[in-house]
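This report concerns only the one structure given below.
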Amino acid sequence: MLGSGFWTAMYKSFELGLLYAIMALGVYVTFRVLDFPDLTVDGSFTTGAGIAAIGISSGLHPLAATLLAVAGGALAGMMTGLIHTKGKINPLLSGILMMIALHSINLRIMGKPNIGLLNQETLFTSLEKGFMFIAVVGALVLVIKFIIDGFLKTDIGLALRATGDNARMIRSFGVKTDSTIVVGVSLSNALVALSGALVAQYQGYADLQSGVGMIVIGLASVIIGEAIFGKRTIARVTFAVLLGAVLYRLILAVALQMEVDSTDLKLLTALIVIFALTLPRIRGNMKQKAVSRKRAVEMMKVGGEG
């Protein structure tokens, strides 16, 4: 039978999955909606955590510190967008350059590699871990999801989606794609920074290296969600991304409970992403084979009757 330690680990992973789901939504905005391979995420996640931690430890109200973290993430995303649109630098390289710059900026913000929050009041201080935490944070995540859904249906949101689908076409209608790219990347990194701020408050510390590999986690969440739960509509795919983030954390928790070496977690993540990417093709092949078999059986029946 599964012990209490297993279920405790699953609870904690579910809670963390909800917080990381906000980051996954940000990754979805750039990689899927805007078709912009943004690697700023690894830096802006730490930016959000660092700003929130330094703000709270300096006596700022946790909510105000969290909002400042969101603004910091949006600013980082805006800079990435400007580097690409005004500097005419490749989007992938723009993200890499900003990610590198943010490492130094984050260290300047934090003043040291690690800031503890264990004795500080945070947004989660009065919220007990467990069912109540999941209910409250889950509601917050759903509210953010619905806001993103609504935003993507506005004129700006539609322009954002059109820019990702066919930038040349939408420019022919007079839309300034440079502006939509900057808005989209800023929104994405604002969500990533919010996730970083909440994770730092949940864990009780902010670390300079906390953002390393976030882009892989975000992509894994998006890919897993889309592969398993589908992506027919905006509302469905954003919900799938949330579920993908939670499922990803649960898979890692199960792996750790099975005593998988922690040094192999990155390898496990890569295998999960590979499986999620190939799953739609496997499903398609199986469906095609089933249809072919059905047609073959029907043809045999027709031939037998003849």
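Note that the structure is predicted; figures quoted are calculated from it, not measured. Hydrogens, waters and symmetry mates are skipped; everything else that's a heavy atom, side chains included, is used.
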Donor-acceptor pair, distance only, cut-off 3.5 Å: does the side chain of R171 make one with the backbone of T177?
no

Mark yes or no for whether N106, through its side chain, and G43, through its backbone, hold a donor-acceptor pair below 3.5 Å.
yes

Hey, is the main chain of G184 close enough, under 3.5 Å, to the side chain of S188 for a donor-acceptor pair?
no

Verify the cluster assignment for F36 and V175: are they in a single hydrophobic cluster under the rule of side-chain heavy atoms below 4.5 Å apart?
no

Correct closest heavy-atom pair for A52 and A65 would be O-CB, 3.7 Å

Main-chain N/O of L191 paired to S195 side chain as donor or acceptor, under 3.5 Å
no

So, T66 and Q201: side-chain donor and acceptor under 3.5 Å apart, yes or no?
yes

Salt bridge (charged side-chain N to carboxylate O under 4.0 Å, His left out) against D149, all qualifying residues, sequence neighbours excluded
K145

Any M10 side-chain heavy atom under 4.5 Å of L250 side chain:
yes

Note: A245 and A24 closest approach over all heavy atoms is CB-CB, 4.2 Å

Using distance alone, with no hydrogens and no angle criterion, decide if D38 and T30 have a side-chain donor and acceptor under 3.5 Å apart.
no

In the structure I gave you, are the side-chain heavy atoms of L16 and Q203 within less than 4.5 Å of one another anywhere?
yes

Is any side-chain heavy atom of R32 closer than 4.5 Å to one of I223?
yes

Using a 6.0 Å cut-off, check whether atom CG of D155 has over 12 heavy atoms from anything other than its own residue.
no

Residues passing the side-chain contact (heavy atoms from CB on, under 4.5 Å) test with I115, sequence neighbours excluded, are A53, I54, S57, M110, K112

Look up atom CG in L160 and atom OG in S179, then write down how far apart they are to the nearest 0.5 Å.
11.5 Å

Please examine the side chains of F124 and L19, heavy atoms only from C-beta on, and report whether any two atoms are closer than 4.5 Å.
yes

Residues E15 and I134: closest non-hydrogen pair is CG-CG1, 3.8 Å

Can you find a pair of side-chain heavy atoms, one from M98 and one from L39, that are under 4.5 Å apart?
no

Hphob cluster co-occupancy, V212 + L107, side-chain heavy atoms under 4.5 angstrom:
no

Does a side-chain heavy-atom distance below 4.5 Å link V185 with L34?
yes

Between Y202 and F133, does the ring centroid distance fall short of 6.0 Å?
yes

CZ/F229: more than 12 non-hydrogen atoms of other groups inside 6.0 Å:
yes

Would the distance check show the side chain of T80 and the main-chain N or O of S94 forming a donor-acceptor pair, the cut-off being under 3.5 Å?
no

F239, CZ atom: more than 12 neighbouring heavy atoms under 6.0 Å:
no

Heavy-atom count check: over 12 atoms from other residues, nucleotides or ligands less than 6.0 Å from I156 CD1?
no

Do F31 and Y248 share a hydrophobic cluster (ILVMFWY, side-chain heavy atoms under 4.5 Å, transitive)?
yes

Applying a strict under-4.5 Å side-chain criterion to I, L, V, M, F, W and Y, I'd like to know whether I56 and L63 cluster together.
no

Just by modelled atom types, is the T46 backbone N or O under 3.5 Å from a matching donor or acceptor in the S210 side chain?
no

Non-neighbouring partners of Y28 that pass ring pair (Phe, Tyr, Trp, His ring centres under 6.0 Å), sequence neighbours left out:
none

Do L25 and V29 have side-chain heavy atoms sitting under 4.5 Å apart?
no

Any donor-acceptor N/O pair, N189 side chain to G73 backbone, under 3.5 Å:
no

